[in-house]
Amino acid sequence: MAAPKSGLGDMADVKEAIRNQGEIVRKLKQEKADPEKISEEVQKLLSLKEQLGDAKPQKFQLKTPKGTRDYNPRQMAIREGVFKTIINCFKRHGAETIDTPVFELKETLTGKYGEDAKLIYDLADQGGEILSLRYDLTVPFARYLAMNKISTIKRYHIAKVYRRDNPAMTRGRYREFYQCDFDIAGQYDLMIPDAECVKIVAEILSELNVGDFIIKLNNRLLLDGMFAVCGVPEDKFRTICSAVDKLDKTFWEDVRSEMVDEKGLAPEVADRIGEYVRLNGQLELVEQLMQDEQMMKNKMARQGLEEMKLLLTYCQLFGVLNKVSFDLSLARGLDYYTGVIYEAILTSTAEKAQTDGADKNESVGVGSVAGGGRYDGLVGMFDPKGKKVPCVGVSIGIERLFSIMEAKAEASEGKVRTTETQVYVASGQKNMLEERMKLCNLLWEGGIKTELSYKKNPKLLNQFQYAEEHGIPFLAIIGEQELKDGVVKVRNTSTREEETFPREKLLEEIRTRVSSS
């Protein structure tokens with residue numbers, strides 16, 4: 001029996017501690033507390049019981065950690081298709097790519113995310129640098145620009161990020177997930193890069209065919225000006241902004257209650273904010289707000305409205321005005337935004353029903369599927385001289401989009417190919433392994449994606465079935481007669497038609513058929 005830990009005295013103290021800890025666990029379970037908190041307290045209880053030699057051996061449960069998942073080949077094929085669409089769009093707009101470490105110095109991430117900072121994963125101190133897993137790709141990008149003294153770049157970055165969030169996995173919300181970011185850094189004329197980012201979001205969502213969507217637009221300068229006009233103290237701007245940011249997830253009454261009861265805002269100030277955040281529209285709303293004397297007296301609000309007017313004009317030129325909405329309820333809670341902000345929301349209900357069985361009357365399915373904005377001050381936070389590099393960017397919510405695409409694939413009867421194999425080398429006769437291997441090598445060296453059976457003498461029917469099940473479009477069939485004649489038989493898997501070609505012309509014939517299939 002292990003001796004009790006110092007500080008607990010004798011075994012009676014240990015037993016008393018076990019009783020108290022047991023009460024804590026029971027109370028948490030009755031209150032249906034956060035499962036993570038319950039698990040934490042259960043571990044404490046088990047540690048105490050170990051001191052009495054009382055703990056039962058815990059059965060190891062084979063599972064992925066909370067908020068993570070595995071992807072099978074079919075899911076990965078769908079996923080790669082989504083990535084390809086997104087990357088092609090980024091490249092079409094002239095972006096180059098970079099990569100950064102999956103963890104950063106903790107101080108790099110500190111003070112950049114407002115109330116969301118509590119979601120950052122801190123790594124255990126290993127006796128060296130204090131590190132945290134990256135929360136997004138934007139702050140590492142700003143650090144990269146400042147560290148390498150880069151003032152102009154158009155880049156995309158696709159990589160995993162980590163958040164200690166409460167996962168809702170059927171809705172595409174995880175603790176480990178990919179972000180697909182596109183950012184333009186540099187000193188350019190007003191709203192031109194910002195409008196291109198909005199265009200990119202519209203292109204990607206349209207090409208993925210995920211259903212109807214709307215891209216909400218707003219401006220942090222306008223929001224801050226609005227808060228000032230409504231009477232919000234300047235030191236409460238960010239915290240009130242975080243409350244407004246919850247309007248896409250909850251009702252105004254809940255947000256108002258948070259502002260007044262939790263954040264100490266005067267009720268009449270909250271009510272004035274409520275009048276503004278209910279407004280949405282397009283250029284006509286800009287004109288309406290420009291008639292608001294109080295707003296136009298405020299420098300930030302006036303500048304924000306002028307920027308919004310220009311942005312909406314450029315959206316019209318880029319052909320996406322019908323996809324955007326100027327929405328004063330959009331806030332985006334991250335502290336580093338300084339100007340235009342935007343967020344894409346799916347408005348169709350079909351994908352929502354497939355994805356999580358949600359109430360069809362809800363206006364939002366899997367929530368935001370893309371978001372971003374302008375952050376002109378972030379790079380300067382890392383530069384020793386405070387040199388600013390204006391930046392604007394967008395992040396595509398790949399996990400949420402993938403949830404929709406996966407649901408659509410499940411609902412359709414079409415087969416999803418998990419390999420790209422173009423030719424399957426087959427034979428119906430025995431002792432042909434070496435010849436199949438030679439033919440396979442010929443095709444590989446010719447750049448043809450090729451497979452063969454790993455059995456010495458496979459049955460021809462089994463090889464045909466393999467090609468059909470895996471969607472392999474062609475078979476290259478050889479036997480003793482084909483070897484004698486110096487030919488190869490090519491079979492079309494879908495039509496089952498067969499043609500014979502001289503061996504030296506096989507590559508050319510296969511390439512022709514593969515390119516047209």
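Nothing here was measured: the structure is a model prediction, and the numbers come from that model. Throughout, numbering of the chain's residues begins at 1 and tracks the sequence. All values below were derived from every heavy atom in this structure, side-chain atoms included, with hydrogens, water molecules and symmetry-related copies excluded.
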Legend entry - Short N-O contact, Glu307 and Arg374, less than 4.0 angstrom: no
Legend entry - Summary of ring-ring contact (aromatic ring centres under 6.0 Å, His included) pairs that have at least one residue in residues 181-216, sequence neighbours excluded: Phe90-Phe182
Inset, instruction - State which residues pass salt bridge (charged side-chain N to carboxylate O under 4.0 Å, His left out) with Lys160; sequence neighbours excluded, sorted by chain then number. - result: Glu176
Legend entry - Asp70 CG: over 12 foreign heavy atoms closer than 6.0 Å: no
Legend entry - Atom CZ of Phe103: over 12 foreign heavy atoms under 6.0 Å: no
Legend entry - Enclosure of Glu468 CD (heavy-atom neighbours >12, cutoff 6.0 Å): yes
Legend entry - Neighbour count above 12 (heavy atom, 6.0 Å) for Glu284 CD: yes
Inset, instruction - Give a yes or no on whether the backbone of Ala370 and the side-chain of Ser368 come within a donor-acceptor separation of less than 3.5 Å. - result: yes
Inset, instruction - Using a strict 4.0 Å threshold on nitrogen-to-oxygen distance, state whether Glu399 and Arg79 make a salt bridge. - result: yes
Legend entry - Point-to-point distance, once rounded to the nearest 0.5 Å, from CG of Asn280 to CZ of Phe326: 10.0 Å
Inset, instruction - Using atom types as modelled and distance alone, determine if a side-chain donor or acceptor of Gln187 lies under 3.5 Å from a backbone N or O of Pro390. - result: no
Inset, instruction - Could you point out which residue of Lys489, Arg513, Lys505 forms a salt bridge (Lys or Arg N to Asp or Glu O under 4.0 Å) with Glu499? - result: Arg513
Inset, instruction - Indicate yes or no for a side-chain donor-acceptor contact from Gln43 to the backbone of Glu40 under 3.5 Å, with no hydrogens or angles considered. - result: no
Inset, instruction - Evaluate the criterion side chain to side chain contact (heavy atoms under 4.5 Å, CB included) for residue pair Asp122 and Ile130; output intermediate values, then yes/no. - result: CA-CA 8 Å; Asp122 294 327; Ile130 307 302; over 6 Å; no
Legend entry - Gln282 side chain vs Leu321 backbone, donor-acceptor pair below 3.5 Å: yes
Legend entry - Tyr135: partners by ring-ring contact (aromatic ring centres under 6.0 Å, His included), with sequence neighbours left out: Tyr113
Legend entry - For Asp165, salt bridge (charged side-chain N to carboxylate O under 4.0 Å, His left out) partners two or more places apart: Arg173
Inset, instruction - Without swapping roles, check the side chain of Arg417 against the backbone of Thr419 for a donor-acceptor pair under 3.5 Å. - result: yes
Inset, instruction - Only counting residues at least two apart or in another chain, list the ones meeting salt bridge (charged side-chain N to carboxylate O under 4.0 Å, His left out) with Lys246. - result: Glu258
Legend entry - Spacing of CD1 belonging to Ile192 relative to SG belonging to Cys197, to within rounding of 0.5 Å: 12.5 Å
Distance-only donor-acceptor pairs under 3.5 Å for side chains of residues 470-482, two or more places apart:
residue, atom, partner, partner atom, Å
His470, ND1, Tyr466, O, 3.0
Gln481, NE2, Asp485, OD1, 3.2
Gln481, NE2, Asp485, OD2, 3.2
Glu482, OE1, Gly479, N, 2.9

Inset, instruction - Please report the shortest heavy-atom distance between Leu483 and Met432, naming the atom on each side. - result: CD1-CE, 3.4 Å
Legend entry - Test of ring centre spacing under 6.0 Å for Tyr71 and Phe402: yes
Inset, instruction - Quick one: do Lys388 and Val379 satisfy side chain to side chain contact (heavy atoms under 4.5 Å, CB included)? Show the steps, please. - result: CA-CA 6 Å; Lys388 290 188 176 183; Val379 178; over 6 Å; no
Legend entry - Minimum side-chain heavy-atom gap Leu311-Val324 below 4.5 Å: no
Legend entry - Donor-acceptor pair between Glu207 and Thr85 side chains, under 3.5 angstrom: no
Legend entry - Residues Asp327 and Ser325: side-chain donor-acceptor under 3.5 angstrom: no
Inset, instruction - Report yes or no: does Lys118 contribute a side-chain atom to a donor-acceptor pair with the main-chain N or O of Arg164 at less than 3.5 Å? - result: no
Legend entry - Arg92, CZ atom: more than 12 neighbouring heavy atoms under 6.0 Å: yes
Inset, instruction - First locate atom CD1 of Ile215, then atom CG of Asn322, and finally report the distance between them rounded to the nearest 0.5 Å. - result: 9.5 Å
Legend entry - Under 3.5 Å: donor-acceptor pair, side chain of Arg332, backbone of Glu343: no
Legend entry - Salt bridge Arg511-Glu508, side-chain N to carboxylate O under 4.0 Å: no
Legend entry - Residue pair Leu205, Lys323: steps toward the side chain to side chain contact (heavy atoms under 4.5 Å, CB included) verdict: CA-CA 11 Å; Leu205 296 181; Lys323 297 293 187 184; over 6 Å; no
Legend entry - Whether over 12 other heavy atoms sit under 6.0 Å from Asn148 CG: yes
Inset, instruction - For Glu420, look at atom CD and say whether over 12 heavy atoms of other residues, nucleotides or ligands are found less than 6.0 Å away. - result: no
Inset, instruction - Check step by step if side chain to side chain contact (heavy atoms under 4.5 Å, CB included) holds for Tyr314 and Glu196. - result: CA-CA 9 Å; Tyr314 290 160; Glu196 185 170 8; over 6 Å; no
Inset, instruction - Let me know which of Ile150, Thr97, Ile184, Asp183 forms a side chain to side chain contact (heavy atoms under 4.5 Å, CB included) with Arg155. - result: Asp183
Legend entry - Gap between atom OG1 of Thr450 and atom CD of Gln422 - 0.5 Å precision: 7.0 Å
Legend entry - Lys/Arg N to Asp/Glu carboxylate O, Glu104 vs Lys112, below 4.0 Å: no
Legend entry - Interatomic spacing from CG in Leu328 to CG in Leu247 - rounded to 0.5 Å: 11.0 Å
Legend entry - Polar side-chain atom of Arg134 near backbone of Pro101 as donor-acceptor pair, under 3.5 Å: yes
